[in-house]
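Take a look at the structure set out below.
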Amino acid sequence: MRAQPKASHFVNGRYVEDRAGGQIDCVYAATGEVVARVHEATDAVVEEALAAARAAGPEWAAMTGTERGRILRRAADMMRAENRALSEIETLDTGKPLQETLVADATSGADALEYFGGLAGSLTGETMQLPGGDWAYTIREPLGVCVGIGAWNYPTQIACWKGAPALACGNTMVFKPSETTPLSALRVAEILKEAGLPDGVYNVVQGRGGVGAKLITDDRVAKVSLTGSVPTGKKVYATAAEGMRHVTMELGGKSPLIVFGDADLDKAVSGAILGNFYSSGQVCSNGTRVFVEKGTRAAFVDRLVERLRGVVMGDPLDEAVNFGPMVSQEQMEIVLGYIEKGVAEGGTLAAGGRRSNRPGFFIEPTVFTDVTDDMTIAQEEIFGPVLSVLDFENEDEVMARANATPFGLAAGVFTSDLQRAHRVVRGFEAGTCYINHYNGAPVEMPFGGSKLSGVGRENSKLAINHYSELKAVYVGMGDVEAPF
Ligand code: NAD
């Protein structure tokens with residue numbers, strides 16, 4: 001098996017195996033070949049990971065932020081140096097083209113380690129002057145043991161986007177990757193150790209939802225950060241609430257992308273491609289409801305369909321390939337089911353619509369026109385390469401329709417009217433917005449959703465607030481006046 005890790009879990013600074021746990025096969029989505037096999041964490045492994053994370057906490061939190069940051073930044077450099085090998089693992093794990101993983105996965109993880117490593121030394125509290133010479137100050141403290149739970153679309157990135165701010169703030173982490181993509185987080189943990197991370201600070205355990213559920217009900221856990229679907233998010237949030245645990249929820253979406261008639265058409269088409277077909281459409285923030293102003297719709301669809309001729313499907317390990325398979329057979333079947341529904345409910349296929357005639361779980365990039373707001377494909381998250389074109393006549397109308405969804409992850413607008421662009425983003429009910437671009441997620445910018453799409457933000461300085469809390473201290477400098 002060409003991607004077999006040294007063992008299933010990485011706990012307390014070493015690889016750990018316990019074959020009593022249920023078997024998880026890691027399948028290369030381009031061929032169906034099993035490239036690795038790991039085992040779910042047993043209760044003993046879960047216990048070992050939580051105990052290690054708890055025990056490592058005080059010493060890690062007592063280090064200066066600068067010392068912690070130095071380790072994270074060293075790990076970032078190591079990840080960059082090893083980018084190709086990490087990208088190949090990511091491609092075997094997810095099926096995403098190497099052309100993408102070389103620039104969007106380990107590199108994005110390294111950015112998070114570098115950014116939060118850089119911030120770690122400057123995390124401070126504040127002082128407040130109060131009447132009578134009294135004053136108050138705040139101490140920024142870590143939360144403790146944090147549990148990270150990942151989705152399968154960006155496994156390296158998610159392992160780092162959660163780990164980097166958590167560790168920068170002095171927390172420790174137990175990370176559970178998605179059972180569909182168990183591989184890359186193990187190497188992230190190993191690199192952190194090689195960069196000098198004390199044992200037990202960052203642990204990786206494998207498993208399906210049941211292992212995640214065990215982790216988040218443990219009394220030692222202070223915080224849960226999940227990237228996943230809305231149904232899982234609701235369960236995890238409710239469970240976390242029982243222990244009053246902090247949460248970050250990065251969930252699904254059905255985001256709008258609005259193209260006004262005055263937009264630069266080529267840029268808008270590029271935005272729609274990035275927002276629907278990158279990672280074969282398996283991106284949470286995708287702008288899958290593309291609202292195009294009526295007079296421009298035909299030209300937009302023509303240009304889009306023409307650009308799809310540039311799709312190169314094939315073995316994702318071949319760097320010339322720019323479009324990979326669905327992550328799994330299951331995901332492929334879900335997406336094909338939505339395409340069938342789109343056709344049955346009256347959508348017109350302008351491109352694609354079928355499983356590709358090759359081994360693996362490939363679906364052709366698919367464009368539906370004649371889509372109306374009430375169709376299933378315009379309402380539910382598909383998480384595949386399926387773009388719906390809807391048309392509109394004016395701004396008020398399209399804003400109301402764009403926001404008429406329980407999700408609120410992302411939204412985008414293409415226009416050359418500066419004032420309209422800013423007015424439109426003010427009106428979007430979404431956490432992450434784009435003007436004349438789509439789907440960039442640099443570490444400097446907060447990322448996350450509103451409404452059912454989530455709680456909290458990842459990346460940027462804001463993430464620090466989600467991985468630390470402030471202790472407030474009142475300092476009396478004079479007499480203490482009491483009523484009796
Ligand atoms: P999923 O919800 O099926 O699983 C996510 C993770 O939760 C997995 O690791 C799974 O094992 C775990 N899990 C499942 N049940 C659990 C439980 N009861 N307790 C604890 N953990 C549990 O999602 P998925 O299919 O892996 O990923 C696709 C979804 O993720 C899509 O909805 C997508 O939009 C979303 N996503 C969101 C973001 C974001 O940043 N907002 C990013 C990527 C993916």
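Below, each value reflects all heavy atoms present in this structure, side chains not excepted, and no hydrogens, waters or symmetry copies. In each ligand, atom 1 is the first atom listed, and ligand 1 is the first ligand listed.
- Salt-bridge formation is not detected for the pair E47/K214: no Lys NZ or Arg NE/NH1/NH2 atom is positioned less than 4.0 Å from an Asp or Glu carboxylate oxygen.
- Taking distance alone, with nitrogen or oxygen atoms compared against 3.5 Å, N153 stays at or beyond that limit from ligand 1.
- A salt bridge links E194 with R187: the distance from a Lys NZ or Arg NE/NH1/NH2 to an Asp or Glu carboxylate oxygen falls below 4.0 Å.
- The shell of residues lying under 4.0 angstrom from ligand 1, judged by heavy atoms, excludes T239.
- Salt-bridge check for E190 with K193: failed, with every basic side-chain N at 4.0 Å or more from each acidic carboxylate O.
- If you number the atoms of ligand 1 from 1 as listed, the ones under 4.0 Å from a heavy atom of G252 come out as 32 (O), 34 (O).
- One finds no salt bridge joining E242 and R245 here, because no Lys/Arg side-chain nitrogen approaches an Asp/Glu carboxylate oxygen to under 4.0 Å.
- Which of C284, G207, S178 comes nearest to atom 37 (C) of ligand 1 through a heavy atom is settled by distance: it is C284.
- The ligand atoms of ligand 1 that sit less than 4.0 angstrom from a heavy atom of G212 are 19 (N), 20 (C), 21 (N).
- Using a 4.0 Å cut-off to heavy atoms of R208, the atoms of ligand 1 that qualify are 11 (O).
- The protein non-hydrogen atom at the shortest distance from atom 34 (O) of ligand 1 is E381 OE2, 2.5 Å.
- With no hydrogens or angles considered, a side-chain donor-acceptor pair links E17 and S8 at under 3.5 Å.
- Distances from ligand 1 to the non-hydrogen atoms of Y154 include no value under 4.0 Å.
- In terms of N/O distances under 3.5 Å, ligand 1 is not approached by I216.
- Residue K176 has at least one heavy-atom neighbour below 4.0 Å for each of these atoms of ligand 1: 8 (C), 9 (O), 10 (C), 11 (O).
- Between the side chains of W161 and S108, a donor-acceptor pair is found at a separation under 3.5 Å.
- Ranking protein heavy atoms by distance to atom 23 (O) of ligand 1, first place goes to S229 N, 3.5 Å.
- A salt bridge links R84 with E319: the distance from a Lys NZ or Arg NE/NH1/NH2 to an Asp or Glu carboxylate oxygen falls below 4.0 Å.
- Heavy-atom proximity to atom 8 (C) of ligand 1, evaluated over A151, A441, G150, is greatest for G150.
- Taking the side chain as every heavy atom from C-beta outward, E100 and S279 approach each other to under 4.5 Å.
- Among V224, T248, T232, the residue whose heavy atom lies nearest to atom 14 (C) of ligand 1 is T232.
- Heavy-atom contacts of V236 reach the following atoms of ligand 1: 19 (N), 20 (C) (cutoff under 4.0 Å).
- No donor-acceptor pair closer than 3.5 Å links the side chain of R19 to the backbone N or O of H39.
- Looking only at protein heavy atoms, the nearest one to atom 41 (N) of ligand 1 is L251 O, 2.8 Å.
- Taking each of S279, G228, A240, P177 in turn, the one with a heavy atom nearest to atom 29 (C) of ligand 1 proves to be G228.
- From the protein, the heavy atom lying nearest to atom 10 (C) of ligand 1 is E179 OE1, 3.6 Å.
- Close contacts of ligand 1 with F447, meaning ligand atoms under 4.0 Å from a residue heavy atom, involve 40 (O).
- For atom 40 (O) of ligand 1, the closest non-hydrogen atom of the protein is E250 CB, 3.2 Å.
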Step-by-step ring-ring contact (aromatic ring centres under 6.0 Å, His included) determination, F383 to W152: CA-CA 11 Å; F383 226 59; W152 43 256; 5.2 Å; yes
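- Taking only non-hydrogen atoms, the option from L409, V283, I149, T227 nearest to atom 5 (C) of ligand 1 is T227.
- For G454, the closest heavy-atom approach to ligand 1 does not fall below 4.0 Å.
- Protein heavy atom in closest approach to atom 18 (N) of ligand 1: K235 CD, 4.1 Å.
- Residue contacts with ligand 1 do not include G449, since none of its heavy atoms lies under 4.0 Å from the ligand.
- At a heavy-atom distance under 4.0 Å, only side-chain atoms of L226, from C-beta outward, approach ligand 1.
- Side chains of N286 and N439: a donor on one and an acceptor on the other come within 3.5 Å.
- In this pair, Y202 and F175 present their aromatic rings parallel. The plane angle is below 30°, not in the 30 to 60° band.
- In this structure, K223 is positioned above the aromatic face of Y467, its NZ or CZ under 6.0 Å from the six-membered ring centre and within 45° of the axis.
- Salt bridge status for E380 with K341: absent, with no side-chain N to carboxylate O gap under 4.0 Å.
- The protein heavy atom nearest to atom 17 (C) of ligand 1 is G209 O, 3.6 Å.
- Salt-bridge check for R14 with E48: passed, with a basic side-chain N closer than 4.0 Å to an acidic carboxylate O.
- Among all protein heavy atoms, the one lying closest to atom 24 (P) of ligand 1 is W152 NE1, 3.4 Å.
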